[in-house]
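Following: one structure in structure tokens, then a few remarks.
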Protein chains: 2
Amino acid sequence: MPDESQTRLALLDAAEALFARQGFAATTIKAIGAEAGVNPALLYYYFPDKERLYHAVLERRLGTFARRMATELPAGLPPLEAIERILRGYAAMMHGAPQMPRLLARELADHEAAHALPVIRELAAGLFRRICDLIRAGQRIRQIRDDLDPRFTAISLVSQMAWFFVAQPAVSRLLGYEGTVPPTQVERYTDHAVAFTLAALAPARSRPAARHTRHPTRS
Amino acid sequence: MPDESQTRLALLDAAEALFARQGFAATTIKAIGAEAGVNPALLYYYFPDKERLYHAVLERRLGTFARRMATELPAGLPPLEAIERILRGYAAMMHGAPQMPRLLARELADHEAAHALPVIRELAAGLFRRICDLIRAGQRIRQIRDDLDPRFTAISLVSQMAWFFVAQPAVSRLLGYEGTVPPTQVERYTDHAVAFTLAALAPARSRPAARHTRHPTRS
DNA sequence: GTCTATAGCGGGATAGAC
DNA sequence: GTCTATCCCGCTATAGAC
């Protein structure tokens, strides 16, 4: 649907930016209009209300996201490589939709909120299950240490990317920048996260049964 | 300052819960009153306005937090052990202040928002710097792989704890629970995060010297 | 399609009785 | 200290001119 109204797009872009920065409740219609350089009332010409504008913002990107997931994660991929691609895929959203990671993260954080979108829940659940399966597959072929709980491990992976983007303003300050983190640093962090994760997943290098006195989780 | 008015406390508790769940903007004075089982107007007897109630909510906990940091992180601690304590300390906030991790996380995510509290920035910056220093110290004595960027690594560590709590409702669903994650699972996840992190930090196994003996819980 | 004006409502905050 | 009533403002959303 090439619904190419300029103002419609301007509104979507502005809303995307503001919702990502401030969240849904803190963002006013007037602010969206101002950010878009457009009369605020036009919002109601193109969208039924604020909430459905929010949904439109999310849905506009979900297609691309799902498509990318499908093409970049063909079925037969080795688990470790698939995991790496998922991490990089999350960061890659930044190009072309820089606000999206933060917005998605917010969506998960405000999961209970009235404006939350069911599609996102399902998408998150699907991705989560997929990562869990990849980890189990990796454990089966001894490429991932088998004392890791797949579900918890999946959370560890996602966290590293998600938090980096939600906490963007704080993170950027901590890294010594004003405003947003420059793209080169995003890439460097992504490389780091991949390396960090792969190191954590790697099985202990000695005999498999030699020492598992590692850690007090008695099961 | 044993300012022990019951209603004041009720208001603080209610506000803490709601701000953590919904964020500042989405939380109304009336909702706080209802949650506290108290007349909403009383808010203005005990606090100047909504924003300063929010600050009071944060400040009430910061003392405990800082004190715990100081006592549980004496200066001479080995880097890896100090790092473990930081991770566990974050999770331990849950007891006695279950909403706090999520609230702090929100504070960092909404850093730009008008209501953000400077103290929190400094606290976060201090903690960040401290973790970075610990990592550098660990690298110097060859207990942490030296190809890791200390700043990025610090983010990886914090992320795992922070995101688990911000995304609480989503995470809980993904783990198969309704509502909140049960405390036992929080503990198990914390154990996981510690193990995951230590595995990622461990230097490549070429040097035998790196095999230091750690006892996460000496039983 | 875009704009102005405004309705209508809900939010934060205050006055003052008790 | 607590409660009722209410003010005022800003926000969402609509009506209707152009």
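So you know, we letter chains A, B, ... as the sequences are listed, proteins then strands, and number each from 1.
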So if I take every side-chain heavy atom of B:Asn39 and compare against D:dG1, D:dC3, D:dA13, which nucleotide ends up nearest?
D:dC3
Between D:dA13, C:dG1, C:dG12, which nucleotide gets closest to the side-chain atoms of B:Lys50?
C:dG12
Is B:Tyr46 near enough to D:dT2 that one of its side-chain N or O atoms lies under 4.0 angstrom from OP1 or OP2?
yes
Nearest-Å distance for atom pair NZ/P, residues A:Lys30 and C:dT6
14 Å
Nucleic acid contacts of residues 11-25 of chain B, taken as heavy-atom distances under 4.0 Å to DNA chain C:
none
Would you mind reporting whether B:Tyr90 and B:Thr190 have side-chain heavy atoms less than 4.5 Å apart?
no
Among D:dG1, D:dT4, D:dT14, the nucleotide that comes nearest once only the side chain of B:Ala41 is considered:
D:dT4
Without decimals, in angstroms, what is the distance between A:Leu53 CG and D:dA13 C1'?
14 Å
Protein-nucleotide distance (B:Ile32, atom CD1; C:dA13, atom C1'), rounded to Å
13 Å
Could you tell me whether the phosphate oxygens of C:dT2, OP1 or OP2, come under 4.0 Å of any side-chain nitrogen or oxygen in A:Thr7?
yes
To the nearest angstrom, the CG-P distance between A:Asp49 and D:dT12 comes to 11 Å
CZ of B:Arg8 versus P of D:dT2: gap in Å, rounded?
13 Å
Going by an N to O cut-off under 4.0 Å, is there a salt bridge joining A:Arg21 and A:Glu35?
yes
For A:Leu43 and D:dT14, what is the distance between atoms CG and C1' respectively, to the nearest whole Å?
13 Å
Just checking, is any N or O donor in the side chain of B:Tyr54 or B:Glu107 under 3.5 Å from an acceptor N or O on the other one?
yes
Scan side-chain atoms only and decide if A:Ser159 and B:Gln160 contain a donor-acceptor pair under the 3.5 Å cut-off.
no
Under the side chain to side chain contact (heavy atoms under 4.5 Å, CB included) criterion, do B:Tyr45 and B:Asn39 qualify, and how do the steps go?
CA-CA 11 Å; B:Tyr45 178 76; B:Asn39 189 303; over 6 Å; no
Salt bridge (Lys or Arg N to Asp or Glu O under 4.0 Å) evaluation trace for B:Asp13 with B:Arg8
CA-CA 9 Å; B:Asp13 289 340; B:Arg8 195 187 128 96; over 6 Å; no
Between C:dG11 atom C1' and B:Glu51 atom CD, what is the distance in whole Å?
15 Å
Heavy-atom distance under 4.5 Å between the side chains of B:Leu53 and B:Leu12, does that happen here?
yes
Among C:dC3, C:dG1, D:dA13, which is the nearest nucleotide to the side chain of A:Ile29?
D:dA13
Using a cut-off of 4.0 Å on non-hydrogen atoms, how would the nucleic acid contact of B:Leu42 be classed: base, sugar-phosphate, or nothing?
base
Measuring to OP1 and OP2 of D:dT14, would you say a side-chain N or O of A:Tyr44 lies under 4.0 angstrom away?
no
